[in-house]
Chemist: 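This structure is in structure tokens; I'll ask about it shortly.
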Amino acid sequence: MRTSWADAVDGAASGSNSYGVGGASHRPAYVPPHLRNRTPTPERMAAPSTLNNGPLPVNDRLGNSGQNSGSRWAGPRSDYGKQGNNSGRGGGWGNRGGSWGGRELEANPFGNEDVEEIVSDQESSGINFDAYEDIPVETSGVNVPPPVNTFAEIDLGEALNLNIRRCKYVKPTPVQRYTIPISLVGRDLMACAQTGSGKTAAFCFPIISGIMRGQAVQRPHGFRTVFPLALILSPTRELSCQIHMETKKFAYQTGVKVVVVYGGAPINQQLRELERGVDILVATPGRLVDLLERAKVSLQMIRYLALDEADRMLDMGFEPQIRKIVEQTDMPPPGGRQTMLFSATFPREIQRLASDFLSNYIFLTVGRVGSSTDLIVQRVEFVQETDKRSHLMDLLHAQKDNGSGRQPLTLVFVETKKGADSLEYWLCGNGFPATTIHGDRTQPERELALRSFKSGKTPILVATDVAARGLDIPHVSHVVNFDLPNDIDDYVHRIGRTGRAGKTGLATAFFNENNMSLAKPLADLMQEANQEVPQWLTRYASWGAYGGKNRRSGGRFGSRDFRKENSFNRPASGGGSMDYYGGGGAYGGAYAGAGAPSAWD
DNA sequence: GGACCTT
């Protein structure tokens, strides 16, 4: 039998196979004393849902069948009609009570979704497909599997397919089209794409599917220690919550358990959740480090590691914690796990750091759609520090008038936590219902603020950068950069809170002498995005030409693969810690091995 | 300066 990816993973996970990366340590599963000298019994079957659907073929995944898996569906569009209604097979919603055997009740994560607002199916899927038609995508690395056009041509399994329909996803987004096949063959990935582009699903589907198909996982029985199979890290608590909620939907009735841990919330409750079982752990770094130190969590069985907003996770403040989690715990090394990094921007210094965590990875960049391209109108106004408040009030008054009764949602970014509080106070005092989110507020306050903003109760949210990344808040029509950030990448992330998933948005920035270092990168970015650049900004940009970081070489993209730029001066192979193109990890080897890629020829 | 454990 051919060595498949699933075998490689299972082998690595159970310790029966070396990791394949030069000299990587072999880590046998921990067996607690009271269980030694016994015949090991599987902790549980990995895929209880197969009880309903019949056994899933363990290794019959995309590409291994040797036939064109796309041929099951006639063409790229044929899935529209079939998935538009739920009348297909199974009936989905109706039959859940009966088929559960002894499992405890799993809350329906789709529950109150439809009650919130009445929107068209297309809209509720969060994706404007027309806006995605001609998004440029670039990949690099060896043996990149081709993208898929429909979910149907990927064999993710019945339960997951049902959840995809429940989410009303009819067609994969560009990042999903490319990421899912890459991920299903077990390759490491560094991907540039926005959160609103369907990133979470892109890495969750293969993780869930992989866990379900994994052979009965034999996990150690630690004393109150849990052994998740997948770890998803993100830089803020709210983003971790969001990823958790989304992942719960994808994992509904698959038997795959998802738990989130983050700071600011009582730890005991999170510990109880963990003890009830966890396959996929979503976490912020601080709380996870805490749990690791208390030995409540072991990363020994991790097969999948995903870092969301990876550029933030690897910058100065976070990097030590991430290294601690990834490199100084019992987590399998690169090659012994599958690692996926996602971010809207990937500066090359960060790519260099990130390559420590990866093995023979594929670099993927999806055009910046819905962000700094045509869907967001970007304006820059010269506003002195002392005039900012009255100027903001003018903007708010103006949009109050043209609205139809309901105030459109406006997200105002400021530099400091104190600044956020005082602006909120001032806005409220002037008749504008505002709230604020920042790191000095308690977690319940932060969550309340976000809910109140989303619901339109307080249609103005004053925020620090805690809200700059990844948060998916539908219907934000205006982002105001009351204080501009120092880094152009932060600007890109901030304005990305509007114009999400194909909808249009407006971004206004207040610029003054304090922002000179941003003049050039901002002018360049706006020009790239076909925005009107005011003359005064062009002038400032030419003055301080060599001031800012000038590393936006990706054109329409967030970044480009730094390995391409380095190809001449990198060290001879074998010496460094980085696997560039050829370096063999277990997966790279298996994948590139005899005959394996033939399905894609 | 902002984000990221606990008390």
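Order of the sequence lines sets the chain letters (A, B, ...), proteins ahead of strands, with each chain counted from 1.
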Chemist: To the nearest Å, how far apart are A:Asn486 CG and B:dG2 C1'?
Modeler: 10 Å
Chemist: Look at all strands and tell whether A:Val466 reaches a base, only sugar-phosphate, or nothing, counting heavy atoms closer than 4.0 Å.
Modeler: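 Touches sugar-phosphate only.
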Chemist: Mind calculating the distance between CG (A:Asp290) and P (B:dT7) to the nearest angstrom?
Modeler: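 One finds 8 Å between P of B:dT7 and CG of A:Asp290, rounded.
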Chemist: Can you check the A:Tyr491 OH to B:dG1 P distance for me, whole Å?
Modeler: 24 Å
Chemist: Quickly work out the A:Glu415 CD to B:dG2 C1' distance and round it to whole Å.
Modeler: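 Rounded to the whole Å, the gap is 7 Å.
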Chemist: Whole angstrom is fine here: how far is it from NZ in A:Lys417 over to P in B:dG2?
Modeler: 5 Å
Chemist: Distance check needed: B:dA3 P versus A:Asp490 CG, whole Å only.
Modeler: 12 Å
Chemist: Within the structure shown, what part of the strands sits under 4.0 Å from A:Gly317 by heavy-atom distance: base, sugar-phosphate, or nothing?
Modeler: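 Base: the residue A:Gly317, judged by heavy atoms under 4.0 Å, touches a nucleobase.
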Chemist: Does the pair A:Asp188/A:Arg337 count as a salt bridge with the N-to-O cut at 4.0 Å?
Modeler: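 A:Arg337 and A:Asp188: not salt-bridged.
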Chemist: side-chain contact (heavy atoms from CB on, under 4.5 Å) with A:Thr435: which residues, sequence neighbours excluded?
Modeler: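 A:Thr435: side-chain contact (heavy atoms from CB on, under 4.5 Å) contacts with A:Glu424, A:Arg441, A:Ala449, A:Thr458, A:Leu461.
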Chemist: Say you draw a straight line from CG of A:Leu231 to CG of A:Leu299; how long is it, rounded to the nearest 0.5 Å?
Modeler: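 It comes to 6.0 Å.
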Chemist: Would you classify A:Arg323 as touching base, sugar-phosphate or nothing, given that sugar-phosphate means primed atoms plus P, OP1 and OP2, and contacts are heavy atoms under 4.0 Å?
Modeler: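 A:Arg323: no heavy atom of the nucleic acid under 4.0 Å.
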Chemist: If the cut-off is 4.0 Å, is A:Thr464 near the phosphate of B:dA3, judged by side-chain N/O to OP1 or OP2?
Modeler: yes
Chemist: A:Thr284 side chain N/O closer than 4.0 Å to the phosphate oxygens (OP1, OP2) of B:dC5?
Modeler: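 Yes, A:Thr284 has a side-chain N/O under 4.0 Å of OP1/OP2 on B:dC5.
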Chemist: Just the rounded figure in Å: distance from P of B:dC4 to NZ of A:Lys324.
Modeler: 18 Å
Chemist: Answer with base, sugar-phosphate or nothing: what part of the nucleic acid does A:Pro235 contact at a heavy-atom distance below 4.0 Å?
Modeler: sugar-phosphate
Chemist: Among the candidates B:dG2, B:dA3, B:dC4, find the nucleotide nearest to the side-chain atoms of A:Asp315.
Modeler: B:dG2
Chemist: Tell me whether the OP1 or OP2 atom of B:dG2 has a side-chain N or O from A:Arg494 closer than 4.0 Å.
Modeler: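 Checking A:Arg494 against B:dG2: no side-chain N or O falls below 4.0 Å of OP1 or OP2.
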Chemist: What I want to find out is whether A:Asp421 reaches A:Lys418 closely enough, with some N-O distance under 4.0 Å, to be called a salt bridge.
Modeler: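 A salt bridge is absent here (no side-chain N lies under 4.0 Å from a carboxylate O).
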Chemist: Calculate the interatomic distance between A:Tyr262 atom OH and B:dC5 atom C1'; express it in whole Å.
Modeler: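 Rounded to whole Å, this separation is 14 Å.
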Chemist: Could you tell me whether the phosphate oxygens of B:dC5, OP1 or OP2, come under 4.0 Å of any side-chain nitrogen or oxygen in A:Arg237?
Modeler: yes
Chemist: Partners of A:Lys417 by salt bridge (Lys or Arg N to Asp or Glu O under 4.0 Å), sequence neighbours excluded?
Modeler: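 If we apply the salt bridge (Lys or Arg N to Asp or Glu O under 4.0 Å) test to A:Lys417, skipping adjacent residues, the hits are A:Asp440.
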